[in-house]
Amino acid sequence: EDQVTQSPEALRLQEGESSSLNCSYTVSGLRGLFWYRQDPGKGPEFLFTLYSAGEEKEKERLKATLTKKESFLHITAPKPEDSATYLCAVRVTGANSKLTFGKGITLSVRP
Amino acid sequence: DAGVTQSPTHLIKTRGQQVTLRCSPISGHKSVSWYQQVLGQGPQFIFQYYEKEERGRGNFPDRFSARQFPNYSSELNVNALLLGDSALYLCASSRGGLGIDEQYFGPGTRLTVT
């Protein structure tokens, strides 16, 4: 069974304190790994798609990386507005558009 | 361009009732997927529709059904509501149905079953 595990469950950072969020996965065949940001009571907002090990993508203070077993979302010099839940999801081969999500990591950035 | 839209925003129903949720995809997107998200969990896949045909179904009972219309909008129907159906229901659209495109989510419908 395809599994996605995110850690830690929650992370509290001081503004400017860089850190990384982890997403480990066990799947039959990875077709893509996705990162989303979700604010309370809202739908997930698309951030990145990674397709193969070694791939990296950046957007403002966020950088996503992918290995054969896990992905990291690096947050450099975070600001309070980066506070949200970050969701990781995988799409496996032969599974059409189905995304399998982890539980998410709740990030709080204090000013 | 408008994003994915969903209606209603909030809904309160009683156990045993039926509910219909609606979704309009991003213009040009032909695939719609539905997800259920309970508090503290990630979204769980319910259905995918592409070109009005069901392309995928998650582990949900037959009380859950959906359909897609010629304009690519979609409805999710849940019969015989249970307390455990209380959740945020999310609709996501993507350009194609082959599973290689990003999915963009709507704001969701918050369903409360009492």
Side-chain angles (χ1 to χ4, degrees), chain A residues 1-10 21-25 27-52 55 57 59 64 71 73 84-106, chain B residues 3-7 9-10 21 23 25-26 29-51 53-60 68 74 87-112:
Chain A
E1 184 180 338
D2 303 322
Q3 282 195 322
V4 179
T5 303
Q6 293 189 249
S7 62
E9 288 187 7
L21 312 181
N22 177 261
C23 170
S24 61
Y25 59 91
V27 298
S28 50
L30 184 69
R31 202 172 182 186
L33 186 139
F34 301 79
W35 282 98
Y36 287 87
R37 169 192 169 129
Q38 187 173 29
D39 293 304
K42 297 190 176 182
E45 174 190 347
F46 172 76
L47 294 174
F48 302 109
T49 309
L50 301 166
Y51 291 104
S52 56
E55 190 174 0
K57 287 192 178 175
K59 178 180 178 181
S71 176
L73 185 65
T85 295
Y86 290 85
L87 294 164
C88 168
V90 297
R91 180 180 292 150
V92 300
T93 52
N96 49 66
S97 289
K98 172 186 175 182
L99 293 177
T100 300
F101 282 85
K103 291 184 178 181
I105 298 170
T106 300
Chain B
V4 178
T5 59
Q6 293 187 243
S7 63
T9 306
H10 296 90
L21 311 181
C23 170
I26 293 170
H29 285 196
K30 298 183 177 181
S31 177
V32 169
S33 297
W34 288 95
Y35 292 81
Q36 180 196 66
Q37 186 177 27
V38 299
L39 204 59
Q41 302 290 319
Q44 279 213 303
F45 175 76
I46 310 175
F47 286 110
Q48 183 210 356
Y49 275 78
Y50 175 70
E51 293 282 12
E53 291 188 3
E54 182 183 302
R55 289 297 186 92
R57 174 185 285 256
N59 293 327
F60 281 81
Q68 186 177 33
S74 177
L88 181 67
Y89 287 84
L90 296 162
C91 172
S93 77
S94 57
R95 192 169 298 277
L98 300 178
I100 58 175
D101 303 311
E102 291 86 11
Q103 290 186 28
Y104 296 89
F105 285 83
T109 293
R110 172 70 62 186
L111 172 65
T112 302

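All chains are named by letter (A, B, ...) in the order of the sequence lines, taking the proteins before the strands, and each is independently numbered beginning at 1.
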Open item on the list: If we define contacts as heavy-atom pairs under 4.5 Å, which of A:Thr49, A:Thr85, A:Val4 has the most with chain B?
Closed with: A:Thr49
Open item on the list: Quick check on B:Gln37 against chain A: is it the side chain, the backbone, both or neither that has a heavy atom closer than 4.5 Å?
Closed with: side chain
Task: Separation of A:Lys98 NZ from B:Ile46 CD1 (nearest 0.5 Å) - done: 12.0 Å
Task: Under 3.5 Å: donor-acceptor pair, side chain of A:Arg91, backbone of B:Asp101 - done: yes
Open item on the list: Is B:Tyr35 close to chain A through its backbone or its side chain, or both, or neither, when contacts mean heavy atoms under 4.5 Å?
Closed with: side chain
Task: A:Gly43 to B:Leu90 - nearest heavy-atom pair and separation - done: CA-CD2, 3.8 Å
Open item on the list: Checking B:Tyr104 now: which residues fulfil ring pair (Phe, Tyr, Trp, His ring centres under 6.0 Å) with it, not counting sequence neighbours?
Closed with: A:Phe46
Task: Sequence-distant partners of A:Asp39, salt bridge (Lys or Arg N to Asp or Glu O under 4.0 Å), two or more places apart - done: A:Arg37
Open item on the list: Taking side chain as everything from C-beta outward and backbone as N, CA, C, O, which of these in A:Glu9 sits under 4.5 Å from a heavy atom of chain B? Side chain, backbone, both or neither.
Closed with: neither
TODO: Take A:Leu99 and B:Gln44 through the test side-chain contact (heavy atoms from CB on, under 4.5 Å) and record every step on the way to the result.
DONE: CA-CA 8 Å; A:Leu99 293 177; B:Gln44 279 213 303; over 6 Å; no
TODO: Please examine the side chains of A:Phe101 and B:Phe45, heavy atoms only from C-beta on, and report whether any two atoms are closer than 4.5 Å.
DONE: no
Task: CD/B:Gln36: more than 12 non-hydrogen atoms of other groups inside 6.0 Å - done: yes
Task: Heavy-atom closest contact (B:Gly42 atom, A:Leu87 atom, distance) - done: CA-CD2, 4.2 Å
- [ ] Keeping the roles fixed (side chain from B:Gln103, backbone from A:Ser97), state whether a donor-acceptor pair exists under 3.5 Å.
- [x] yes
